[in-house]
There are 2 protein chains.
Amino acid sequence: MRLSKKAEYGLRALIYAARFPEGTSFQIKDLAEKNGIPKKFLELILLELKNAGILRSRRGVGGGYLLGRRPETIRSSEIIRAIEGPLTNGAVVKEGSKIPGEQASPAVARLVRETSEAIESILDRWTLADLAREEQEATERKRRHVMYFI
Amino acid sequence: MRLSKKAEYGLRALIYAARFPEGTSFQIKDLAEKNGIPKKFLELILLELKNAGILRSRRGVGGGYLLGRRPETIRSSEIIRAIEGPLTNGAVVKEGSKIPGEQASPAVARLVRETSEAIESILDRWTLADLAREEQEATERKRRHVMYFI
DNA sequence: ATAATGTCTATTTTATCGATAGGGATTGAT
DNA sequence: ATCAATCCCTATCGATAAAATAGACATTAT
């Protein structure tokens, strides 16, 4: 199961965004530097997330990005879909196959369908708020663990 | 969620193999022709499945491939793993990242882990015997449906 | 007017996928 | 012993997609 860099960056960017108080914006540059994400690449990603209605932006001096909606209302399925397109691949073997004899396998199709549904249900369940909390808690745990050894 | 051609061909090949009585072998050539799968490509796939212990082979004239074990004991997770490598991607962001600032996100890692586990549990549940039965039943249903319209 | 920001389109680079090529090894039949 | 049918193995190609970079444009606070 592979998550594209783009999707990973996108998720991380949104988790970052969720840390800011509602209405407060942040800059691509900071996000890129603090998270080690290529700035130009990140621009594209944030733009897509904006066009998907997940982020909003303010241009010009002092501008930046901010969440377009409350993080509780943003499901990770929506995030991934915004970045990678439709989650479920529809037909496993497309109708107009080039190879003459090629035929779809109903069994394989069913296997893929069931897997896709399972994935989708998990991605539907996790909201950005959940992810942000998880991130914060993990960081906190780590911090305490380090403290313990000082 | 994308299934590679290779994995799809592999699954279809094994479903095909499961139709033969135990101990009976089939030839790459027939499988390729009847299922519209590129023969040379299929060779590679069957070889991998053989090295994974899922298929057995007999060389020389009259040789061919056959299932290495009873289809009830072959889980689709094993099939996919044999063809595509480890299902779960291990670390989402590897430890020794090149980019200095780059850091793994525990939240993203967890999301990926949970999704992978869900996939794996489904793929563990479906055995080759299940797939073969499903395929046969679907074909049967289709046949009856066609008959109905004659 | 200027500098700081996001917006857009194009291009480059790199990796992966799907497929093909061409022998080599083994075996049954004659 | 020879031949043909089969699997076995390695290399390579071409197309596509992923990842990243480049450069100019648009907007806005100061």
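Quick note on labels: first sequence line is chain A, next is B, and so on, each numbered from 1.
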Is [X] touching bases, backbone alone, or none of the nucleic acid, heavy atoms closer than 4.0 Å?
X: A/Lys50; answer: sugar-phosphate
X: B/Leu44; answer: base
X: A/Lys6; answer: sugar-phosphate
X: B/Gln27; answer: sugar-phosphate

Working for salt bridge (charged side-chain N to carboxylate O under 4.0 Å, His left out), residues B/Glu117 and B/Arg113: CA-CA 6 Å; B/Glu117 283 167 6; B/Arg113 182 161 18 92; 5.2 Å; no

Donor on one side chain, acceptor on other, B/Asp130 and B/Thr127, under 3.5 Å: yes

Salt bridge flag under 4.0 Å for residues A/Arg81 and A/Glu78: no

Side-chain ion pair, B/Arg110 and B/Glu114, N-O less than 4.0 Å: yes

N/O donor-acceptor pair, side chain B/Lys40 with base C/dG18, under 3.5 angstrom: no

Quickly work out the [X] [atom1] to [N] [atom2] distance and round it to whole Å.
X: A/Glu8; N: D/dA20; atom1: CD; atom2: P; answer: 10 Å
X: A/Leu42; N: D/dA22; atom1: CG; atom2: P; answer: 16 Å
X: B/Leu47; N: D/dC7; atom1: CG; atom2: P; answer: 11 Å

Distance in Å, B/Ile80 CD1 paired with A/Leu111 CG, rounded so as to fall on 0.5 Å steps: 6.5 Å

Listing, residues 41-53 of chain B side-chain donor-acceptor contacts under 3.5 Å, not counting sequence neighbours, or none:
from    : atom 1 : to      : atom 2 : distance (Å)
B/Glu48 : OE1    : B/Lys6  : NZ     : 3.2
B/Asn51 : ND2    : B/Leu47 : O      : 3.3

Close approaches to DNA chain C from residues 55-69 of chain B, in residue order (heavy atom, under 4.0 Å): B/Arg59, B/Gly60, B/Val61

Nucleotide of D/dG23, D/dA19, C/dT20 approaching A/Glu43 most closely (side-chain heavy atoms): D/dG23

End-to-end axis angle, where each axis spans five pairs of the helix from C/dA1-D/dT30 to C/dT30-D/dA1, to 10°: 0°

